[in-house]
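Have a look at the structure below, then the notes.
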Amino acid sequence: CSTINFPIKRVEKQLPGSYNRVKKWNKILIEKYVNSNRVSIISKDEFNENLTPDVVYFNGEGNHKLYRRVLDIISF
């Protein structure tokens, strides 16, 4: 399971409160599932803005980092 990307300033300007809604949802998601043995959380906090230049999709480096995190989870 992955948390939601935080919106860029342009989105926040057009949809005020977007950043806080995403922050709230990510917190709920992590609190609800972090202790579950069936779900692993990959937080967007682990990825800086440079890895998601369009705020939605990872670039090559971001995809590689996500791949490594997923691999770490499933290779226990």
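Please read all numbers here as calculations on a predicted model, not as lab measurements.
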Donor-acceptor pairs are to be reported for all side-chain atoms of residues 7-20 against protein atoms at under 3.5 Å, with residues two or more places apart or in another chain.
residue: E12; atom: OE1; partner: S18; partner atom: N; Å: 3.1
residue: E12; atom: OE1; partner: Y19; partner atom: N; Å: 2.7
residue: E12; atom: OE2; partner: G17; partner atom: N; Å: 2.6
residue: S18; atom: OG; partner: L15; partner atom: O; Å: 2.5
residue: S18; atom: OG; partner: R21; partner atom: NH2; Å: 3.4

Of all pairs that satisfy salt bridge (charged side-chain N to carboxylate O under 4.0 Å, His left out), the ones with a partner from residues 56-70, not counting sequence neighbours: E46-R69
Residues in side chain to side chain contact (heavy atoms under 4.5 Å, CB included) contact with N63, at least two apart in sequence or another chain: F58
Rounded distance [0.5 Å steps], NZ in K24 versus CG in N26: 12.5 Å
Least distance between heavy atoms, N50 atom then N59 atom: O-ND2, 2.9 Å
